[in-house]
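Okay, so here's the structure we're looking at.
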Amino acid sequence: MSVPPVRVRFAPSPTGYLHVGGARTALFNWLFARAHGGTFVLRIEDTDAARNTAAAQAAITDGLHWLGLDWDEGPEKGGPHAPYYQSQRGAIYDAYFQKLVDAGHTYTEENGAVRFRSPRLPIVLPDKICGDIKIDRSGEPDMTIRRPDGSYIFHFVNVVDDIKMEITHVIRGEDHIYNTGKHIELFQAFGAEPPVYAHIPLILNSDASKMSKRDQGAAVGYYQENAFLPAAVVNYLCLLGWSPKDDREILTTDEILPLFHWENMGHSNAKFDMEKCRWFNAQYLAKLDAPSFDHLAISWLLRQTPALSGTDDSRLVGALPLIQPKIKGIPELAEHLPMLFDGAAPIAGDAMAKLSAQPDLSNRLNVLLTHLDAVVEWTASAIQAAVAAAAAALTIKPGALMFPLRVLTTGQTHGVDLLPALEWLGKPETMQRSTARAKLILG
RNA sequence: GACCCUUUCGUCUAACGGUUAGGACACGUCCCUUUCACGGAUGUAAUACGAGUUCGAUUCUCGUAGGGGUCGCCA
């Protein structure tokens, strides 16, 4: 007896955005298919014509493309079970509907809606994650499967398509557990074997509420817009409801595939932690090669308002390596770029306060500027030597001069690695900024 | 309310019935260092509660409580 090849599907409806929980469901289906050499099907459940727009469809396919979750059959690719849009499968549904009618499983309401007559038998759902779940629908009203206008309801089309598309495993959110009772009744009415079910726990907000469109990070588009690295997001998402069962956290999908078992799946809902997601992003950002980082940064800058000096000249490309190791997200460029490019930026309040508290300030600044002015070859190491010499002359530690130097040149208390930044800035600009701000500070 | 799922640091999670209950994010301290960081070290912090089984329970069973989900002619 041969085991049928694994076929899984992600079946979103076009709601206008791709929910991060949906993305995780897609990811788990994708991982399962890839781990078993199976087929990953994308099917668009667009039976609700009202919200079925091109933009809503694009949010799904763009998001999946961006995450790197390639499907084997579905929109853009076609396949043996095309079409993959439910809105185009009316004839199939009509035929399957007739089967139910002929078998006497249905009855029609006064207004024309058609219901499926439930066998009202207790159902046991053998779930791969939750175990055996008892579902008792005997007290429930019969489900409607067709509206008076002839369009079909989710439960019906979902099951028909899973039969037609030969889906072997259904991996979906826990919010579908109870629906599964209805679905199993339909499979049985069609004389079809239900697929293997695995219901994965949900992703919630940090306050345990359901993530909705408005919540930050609920839409995959948020990560795209903010130039997250897809691999980082995928990595983080994998760890919500799945674990390698050891201490590793940074994992490639190749490393995850052999460990993607039901046994490694979590059973309880997970709260989304944007801080940790950003930490993953920082890990991947730091490892990125310079050209890729430049491309990511520049294309993000070009999408910003003009206020953000989004040039792609060599000055900018020279500055980006200074920033790359400092940030957890590309949007933090907006914090670093001004202090590097705007020499006239005002001195930050806390910087001024901390600097004023330094003893012997006037003398220190003057000695520092004198030594800097004497630097011939303007390199980070030469600047460092000048700072060291100035410190020696003042009989203080070099470190004591770094903070004043940072304030003089950037106006800030913190920022990128200073000496390389000054090398990038150049001697004339450094001296000009320093003398101007020194005057301001010393009054 | 009914039914279903679930319960280990604030969060994500690990722990053949025997561990000083481990790791990571976040937070604190120290070290490193020319600065900001990175990094290293370290600290605060968890088995929801109550019974039972057992020599021994985070682990198995039951109950209680908390959280979530579902109860559509939405998907």
Side-chain angles (χ1 to χ4, degrees), chain A residues 11-15 22 44-48 50-51 86 109 111-115 125 127 129-131 133-137 139-141 143-149 151-155 157-158 172-181 199-204 206-210 236 238-250 264 266-280 282-283 286 322-323 325-327 336 380-381 383-388 391 397-407 409-410 412-422:
Chain A
S13 97
T15 55
I44 306 295
E45 306 223 334
D46 55 353
T47 55
D48 185 359
R51 54 185 185 185
Q86 290 188 331
E109 300 275 20
N111 67 0
V114 178
R115 288 184 188 264
L125 159 61
D127 193 271
I129 293 175
C130 300
I133 302 170
K134 297 174 292 294
I135 299 177
D136 180 8
R137 294 194 8 85
E140 300 287 321
M143 71 178 126
T144 306
I145 59 173
R146 196 176 75 159
R147 303 184 183 91
D149 68 1
S151 62
Y152 296 98
I153 300 297
F154 160 71
H155 306 293
V157 293
N158 187 271
R172 58 173 28 160
E174 237 176 32
D175 49 341
H176 280 291
I177 283 186
Y178 205 68
N179 285 335
T180 305
H199 287 93
I200 58 181
L202 306 179
I203 299 177
L204 308 174
S206 55
D207 66 355
S209 64
K210 200 170 178 176
Y236 176 64
C238 282
L239 263 13
L240 257 30
W242 173 86
S243 164
K245 301 290 184 186
D246 57 33
D247 287 344
R248 287 176 297 167
E249 294 209 292
I250 302 291
N264 286 4
H267 294 196
S268 55
N269 295 346
K271 293 173 186 162
F272 192 92
D273 183 351
M274 185 57 83
E275 273 310 309
K276 187 149 187 178
C277 185
R278 282 166 46 74
W279 177 81
F280 273 97
Q283 298 296 308
L322 300 169
I323 301 175
K326 318 299 283 191
I327 60 177
H336 288 280
S381 58
I383 300 166
Q384 180 189 336
V387 171
K397 290 195 293 185
L401 288 176
M402 291 300 285
F403 179 73
L405 183 55
R406 179 178 293 281
V407 177
T409 51
T410 71
Q412 299 291 323
T413 60
H414 61 276
V416 301
D417 197 11
L418 189 59
L419 272 2
L422 296 185

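By convention in this document, chain letters (A, B, ...) are assigned in the order of the sequence lines, proteins followed by strands, and residues within each chain are numbered from 1.
Candidate nucleotides rA37(B), rC25(B), rC71(B) were compared by shortest atom distance to the side chain of K326(A), and rA37(B) ranks first. Comparing rG10(B), rA75(B), rC36(B) by their nearest atom to the side chain of R406(A) picks out rC36(B). Comparing rG23(B), rG10(B), rU13(B) against the side chain of A270(A) picks out rU13(B) as the nearest. Side-chain proximity of D247(A) to rG22(B), rU35(B), rC4(B): nearest is rG22(B). Nearest nucleotide to the I133(A) side chain, out of rG68(B), rC5(B), rU6(B): rC5(B). Closest to the side chain of R147(A), from the set rG68(B), rG69(B), rA75(B), is rA75(B). Comparing rA14(B), rA75(B), rU35(B) by their closest approach to the side chain of S243(A) singles out rA14(B). Among the nucleotides rC12(B), rA75(B), rC5(B), the one closest to the side chain of F154(A) is rA75(B).
The 5' end of RNA chain B is approached more closely, in terms of each residue's nearest nucleotide, by H414(A) than by the other of H414(A) and N111(A). Mapping Q384(A) and G241(A) onto RNA chain B by nearest heavy atom places G241(A) closer to the 5' end of the strand.
Of the side-chain N and O atoms in T47(A), one or more sit less than 4.0 angstrom from OP1 or OP2 of rA75(B). Within the 4.0 Å cut-off from OP1 or OP2 of rC73(B), not a single side-chain nitrogen or oxygen of R146(A) is found. Taking side-chain N and O atoms only, K245(A) has no distance below 4.0 Å to OP1 or OP2 of rC16(B). Applying the 4.0 Å criterion to OP1 and OP2 of rC73(B), one finds that T144(A) has a side-chain N or O inside that range.
The partner of rU54(B), taking Watson-Crick or G-U wobble pairs whose two distances both stay under 3.5 Å, does not exist in any strand shown. rG43(B) is paired with rC27(B) under the Watson-Crick or G-U wobble criterion, all donor-acceptor distances under 3.5 Å. Judged by Watson-Crick or G-U wobble contacts below 3.5 Å, the nucleotide rA65(B) has rU7(B) as its partner. The partner of rG1(B) is rC71(B), judged by Watson-Crick or G-U wobble contacts that both fall below 3.5 Å.
Within the nucleic acid shown, H199(A) has no heavy atom closer than 4.0 Å to any nucleic acid atom.
Between the C1' atoms of rU53(B) and rG43(B), the separation comes to 39 Å (whole Å). Here the separation of rC25(B) from rA65(B), taken at their C1' atoms, is 29 Å to the nearest Å. rU47(B) and rU20(B): their C1' atoms are spaced 15 Å apart (whole Å). For the C1' atoms, the distance linking rU7(B) with rG50(B) amounts to 15 Å, nearest Å.
rC38(B) shows a glycosidic angle within 90° of 0 and is accordingly assigned syn.
In this structure, CD of Q86(A) is placed 9 Å from P of rA75(B), rounded to the nearest angstrom. For W242(A) and rA14(B), the CH2 to P distance is 10 Å, given to the nearest whole Å.
Here the closest heavy-atom approach between residue Q412(A) and residue R406(A) is recorded as O-CG, 3.3 Å.
The existence of a salt bridge linking D246(A) and R248(A) is confirmed by a sub-4.0 Å separation between a basic side-chain nitrogen and an acidic carboxylate oxygen.
Partner of N158(A) under the side-chain hydrogen bond (donor to acceptor under 3.5 Å, both in side chains) criterion, out of Q86(A), E45(A), H176(A): E45(A) alone.
Looking at K276(A), its side chain has no donor and acceptor atom pair within 3.5 Å of the base of rA26(B). Judged by distance alone, with hydrogens and angles left aside, D417(A) brings a side-chain donor or acceptor within reach of the base of rU35(B), the pair sitting under 3.5 Å.
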